[in-house]
**Q** 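Handing you a structure now.
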Amino acid sequence: TAAEVVTADGRVRTVSPHRHPDLFWAVPGGLSNLGIVTDLEFGLHALPVVYAGNLYYPHRRLHELLTFFADWSRRTPDELTAAVTVRRFPPTPAIPEPLRGQVWVALRGAYSGDPARGCRLIDQARLALGPATVDTFAPLPTNRLAEVSADPVDPLPARGRHDLLTDLTPEAIDDLVQLAGAEADWPLVMTEVRQLGGALVGSPEALSPMAHTEARFSLNAIGVTATPDQQISVRSHLAALAERMDRHSTGDTYLNFLDLDAATPARIRAAYRPADRERLLGLKHRYDPTDIFRFGRPLPPEPERVCS
């Protein structure tokens, strides 16, 4: 609902829909080009418990899970966020058996309404897919929601690739299985297809860090690059993924998933609608004319048009 921002001239400004509304508009996705946020004011929603977890199945069932997910996700309510994830678990004692040291495919999700209704929604998946090898879905305190993804808590050297998929068509599913299925040479730790829509769509007037995309799904792939051999293997696989999945992509990008050399000028531009890019560049010229804030994911100038 409000933010405190330090702009390039050193001024501290409190921005809101009524004070400096142009800067406030830029907060969700564009402000790294304009200033430093030192304070945020949120409007909170009472949500003490979600119904969340994973249904883990053998890796060989990836095609089946993606096919189910493509259809089922069309009928689920906005209160449910869901994904299909291929996940490689490390062989460490902290990971329970039988997940430890193995690759699994999971239907994961979180339902932010009545847990009983959330359970009935996941029962649809349980019925269609059969009993999971590991089923962790249960009412979960919201402050433990990060347990669903089971991401490592310590920093790791990694490289990733993301795309926004128009839809999860049979052709897209086939391509994903060829790249990340049980028969593939898959060197990553995660490949995830996540459902979009709902609140992520946002109002047409708001700034969207994913270009107000019409994509139904996001694709995110991550590999650990702790050794030179891992660097080579992960880079090669991510390049093949980008090439193969390009025909299924909208061409939009999601700003938060643009890391390292993936944050090219073209892909940063693709995170914004043309009108939003033009408005952001206008704010940049006004609030940061000497380009003090040029790090992270800087918005590049529009390419010059060549007249023929």
**Q** Between the side chain of Asp135 and the main-chain N/O of Phe137, is any donor-acceptor distance below 3.5 Å?
**A** yes
**Q** Does atom CD (Glu97) have a neighbourhood of more than 12 heavy atoms from anything else shown, all under 6.0 Å?
**A** yes
**Q** Determine yes or no for a side-chain-to-main-chain donor-acceptor pair under 3.5 angstrom, with Ser233 supplying the side chain and Gln230 the backbone.
**A** no
**Q** So do the side chains of Leu219 and Met245 get within less than 4.5 Å of each other, counting heavy atoms only?
**A** yes
**Q** Mind checking salt bridge (charged side-chain N to carboxylate O under 4.0 Å, His left out) for Arg120 and listing every partner two or more places apart, or none if nothing turns up?
**A** none
**Q** Does the Lys NZ or Arg CZ of Arg87 fall within the cation-pi geometry relative to Phe89 - under 6.0 Å from the ring centre and within 45° of the axis?
**A** yes
**Q** Counting N and O atoms only, with roles assigned by atom type, does the side chain of His212 sit under 3.5 Å from a partner on the main chain of Ala206, one being a donor and the other an acceptor?
**A** yes
**Q** Check whether Gln102 reaches the backbone of Leu99 with its side chain - one donor and one acceptor, N or O, closer than 3.5 Å.
**A** no
**Q** Has the side chain of Arg267 got a donor or acceptor atom that lies under 3.5 Å from a matching backbone atom of Leu255?
**A** no
**Q** Below 4.0 angstrom, N of the basic side chain to O of the carboxylate: do Asp114 and Arg117 qualify?
**A** no
**Q** What distance separates Arg13 CZ from His20 NE2, expressed to the nearest 0.5 Å?
**A** 5.5 Å
**Q** State whether Arg108 and Glu192 are salt-bridged, where the test is any N-O pair (Lys NZ or Arg NE/NH1/NH2 against Asp/Glu carboxylate O) under 4.0 Å.
**A** yes
**Q** Kindly compute the distance separating CG (Leu34) from OG1 (Thr7), expressed to the nearest 0.5 Å.
**A** 9.5 Å
**Q** Can you tell me if Asp167 uses its side chain to pair, donor with acceptor, with the backbone of Thr169 under 3.5 Å?
**A** no
**Q** With sequence neighbours excluded, what pairs up with Arg88 under the salt bridge (charged side-chain N to carboxylate O under 4.0 Å, His left out) test?
**A** none
**Q** Tell me, please, which residues at least two apart from Trp186 pass side chain to side chain donor-acceptor pair (under 3.5 Å).
**A** Thr191
**Q** Only counting residues at least two apart or in another chain, list the ones meeting side chain to side chain contact (heavy atoms under 4.5 Å, CB included) with His63.
**A** Thr67, Ile173, Asp174, Val177
**Q** Within the structure provided, determine whether Thr253 and Leu258 are in side-chain contact (heavy-atom separation under 4.5 Å).
**A** yes
**Q** Assess whether ring-ring contact (aromatic ring centres under 6.0 Å, His included) is satisfied between Phe217 and Phe69, documenting all intermediate values.
**A** CA-CA 11 Å; Phe217 300 94; Phe69 183 54; 5.5 Å; yes
**Q** Could you tell me if Ser112 and Glu79 have a donor-acceptor pair between their side chains, going purely by distance under 3.5 Å?
**A** no
**Q** Is it true that Arg126 and Asp123 make a salt bridge, defined as a side-chain N closer than 4.0 Å to a carboxylate O?
**A** yes
**Q** Is there side-chain contact between Leu299 and Leu281, with at least one heavy-atom pair below 4.5 Å?
**A** yes
**Q** Keeping the roles fixed (side chain from His162, backbone from Tyr254), state whether a donor-acceptor pair exists under 3.5 Å.
**A** yes
**Q** Using a 4.5 Å cut-off on heavy atoms from C-beta on, say whether the side chain of Met190 contacts that of Val86.
**A** no
**Q** Can a donor-acceptor pair be found, under 3.5 Å and without considering hydrogens, that links the side chain of Thr250 to the backbone of Asp252?
**A** yes
**Q** Between Asp163 and Arg244, does any NZ, NE, NH1 or NH2 come within less than 4.0 Å of an OD or OE carboxylate oxygen?
**A** no
**Q** Sequence neighbours excluded, which residues qualify as side chain to side chain contact (heavy atoms under 4.5 Å, CB included) partners of Glu205?
**A** Ser203
**Q** Between Thr142 and Pro48, is there a donor-acceptor pair closer than 3.5 Å when you use the side chain of the first and the backbone of the second?
**A** yes
**Q** How would you list, by chain and number, every residue that makes a side chain to side chain donor-acceptor pair (under 3.5 Å) with Thr92, sequence neighbours excluded?
**A** none
**Q** Look at Asp261 together with Arg159 and state whether they make a salt bridge at an N to O cut-off of under 4.0 Å.
**A** yes
**Q** Report yes if the side chains of Leu23 and Val27 come closer than 4.5 Å at any heavy-atom pair, otherwise no.
**A** no
**Q** CG of Asp9 to CD1 of Ile292: how many Å apart, nearest 0.5 Å?
**A** 10.0 Å
**Q** Please check if the side chain of Thr76 supplies one atom and the backbone of Ser73 the other of a donor-acceptor pair under 3.5 Å.
**A** yes
**Q** In terms of side-chain geometry, is the basic nitrogen of Arg247 or Asp175 positioned less than 4.0 Å from the acidic oxygen of its partner?
**A** yes
